[in-house]
Amino acid sequence: MKLGRVSGNVVSTICNPVFDRRTLLLCDLVDERGAATGDYLIAVDTVGAGPGDTVLVLDEGNGARQVLGCKDGAVRAVIVGIVDQVD
Amino acid sequence: MKLGRVSGNVVSTICNPVFDRRTLLLCDLVDERGAATGDYLIAVDTVGAGPGDTVLVLDEGNGARQVLGCKDGAVRAVIVGIVDQVD
Amino acid sequence: MKLGRVSGNVVSTICNPVFDRRTLLLCDLVDERGAATGDYLIAVDTVGAGPGDTVLVLDEGNGARQVLGCKDGAVRAVIVGIVDQVD
Amino acid sequence: MKLGRVSGNVVSTICNPVFDRRTLLLCDLVDERGAATGDYLIAVDTVGAGPGDTVLVLDEGNGARQVLGCKDGAVRAVIVGIVDQVD
Amino acid sequence: MKLGRVSGNVVSTICNPVFDRRTLLLCDLVDERGAATGDYLIAVDTVGAGPGDTVLVLDEGNGARQVLGCKDGAVRAVIVGIVDQVD
């Protein structure tokens with residue numbers, strides 16, 4: 001899993017049911033001090049994260065589908081937690 | 001998932017049924033501002049995307065096979081949506 | 001598998017049962033001489049590792065779920081061993 | 001999937017049945033203009049590709065095993081097509 | 001699959017049965033001419049490889065578990081062959 005910081009929303013026309021009523025968030029990947037690495041992921045929100053939140057991103061299809069309760073979803077990355085502290 | 005911009009078609013002789021009547025698109029991977037990263041993926045189109053479109057690319061085999069309704073396909077990357085806006 | 005060095009804890013609000021009573025550790029990925037590579041992973045501890053320990057990190061969802069005895073967990077990386085020696 | 005250019009053969013003693021009577025090809029990964037990226041993959045040939053051919057490489061274990069008709073193979077990358085044109 | 005050169009052993013206390021009586025080898029990843037790339041993998045030996053051997057490394061969990069005959073192993077990378085020649 002990696003740390004990300006939510007930097008925006010992605011609005012896309014997708015017909016896969018796994019995305020129904022789900023928010024797609026743009027997450028800048030950050031290092032352990034919170035600095036941007038220059039890379040990003042687009043992840044499905046599962047925790048109500050918003051812009052500026054530091055989040056835990058799981059980038060793995062089978063786990064992502066299980067979190068979303070959707071065996072057949074076209075998904076790979078999900079936000080699984082809001083990070084309170086790294087120490 | 002990542003953002004891509006469709007930059008061309010790939011014409012290839014492939015005997016796997018998952019590719020029958022499917023278009024293989026060359027997608028430049030772009031950052032959140034739409035700038036090319038220098039990397040690319042070849043993805044199966046599922047949304048009717050064309051050159052210049054910004055798309056959402058899923059690069060994961062099991063999810064890709066599920067989108068294509070093909071349990072046994074030799075596929076890893078699919079275009080799952082056309083991106084209308086990133087903000 | 002990769003070598004990591006435990007550098008901290010991640011405190012996060014996560015609702016997935018795979019994380020109940022589990023510690024999430026920040027692991028700096030290191031090279032074979034123990035030097036930091038600049039990359040990191042957040043991994044679930046399974047061996048009682050602590051700060052400064054050199055550990056063996058498995059970064060693969062299906063294997064991670066099996067180690068944790070949890071078929072449906074939102075997890076990809078686990079610490080599977082403490083490294084005593086690399087020679 | 002990625003574009004590769006076949007640059008050689010790999011001769012190896014492997015005891016896994018998935019490799020019986022299969023050719024292992026060294027594929028330089030190339031960009032969309034055909035220039036070498038400096039990276040490579042070793043892939044099982046399924047299409048009769050030879051040195052200099054531009055090929056479509058699938059680097060994903062489950063898909064590779066399905067192409068090879070071998071549920072239990074120790075394989076991750078296969079050549080799934082010869083590329084006729086990228087435009 | 002990638003080419004590696006065995007450069008050492010990893011001694012680790014691991015409780016997962018997939019590692020019982022198995023040797024964990026440190027493999028420097030090399031390019032097609034045998035030059036080190038600076039990256040490495042820790043892989044389970046399945047062929048009796050030793051220091052200095054050029055080997056074929058499979059870095060994929062499901063395939064690795066199948067090679068090891070262990071459906072539930074905490075493993076991702078295995079050495080599947082000793083490379084005799086790349087030409």
Determine the option with the most heavy-atom pairs under 4.5 angstrom with chain C, choosing from A/T46, A/V55, A/V47, A/L58. A/L58
Would you check if the side chain of A/Q66 reaches a backbone N or O of C/K71 as a donor-acceptor pair within less than 3.5 Å? yes
Which distance, rounded to the nearest 0.5 Å, do you find between the CD of A/E32 and the CG of C/D28? 4.0 Å
In this structure, CG of C/D39 is separated from NZ of A/K2 (nearest 0.5 Å) by 4.0 Å
Look up atom CG in A/D84 and atom CD1 in C/I14, then write down how far apart they are to the nearest 0.5 Å. 9.5 Å
Identify the two heavy atoms, one from C/V44 and one from A/M1, that lie closest to each other, and give their separation to 0.1 Å. CG2-CE, 4.1 Å
For C/L26, is it the side chain, the backbone, both, or neither that has a heavy atom closer than 4.5 Å to a heavy atom of chain A? side chain
Select one option (side chain, backbone, both, neither) describing which atoms of A/I82 are under 4.5 Å from chain C's heavy atoms. backbone
Just how far is it from atom CD1 of C/I42 to atom CG of A/L56, taken to the nearest 0.5 Å? 5.0 Å
Max heavy-atom pairs within cutoff under 4.5 Å with chain A, candidates C/D59, C/V10, C/N9, goes to C/N9
Please rank A/G61, A/A64, A/G81 by heavy-atom pairs under 4.5 Å with chain C and give me the top one. A/G81
Closest non-hydrogen contact found for C/R65 with A/N62 is NH2-CB, 3.4 Å
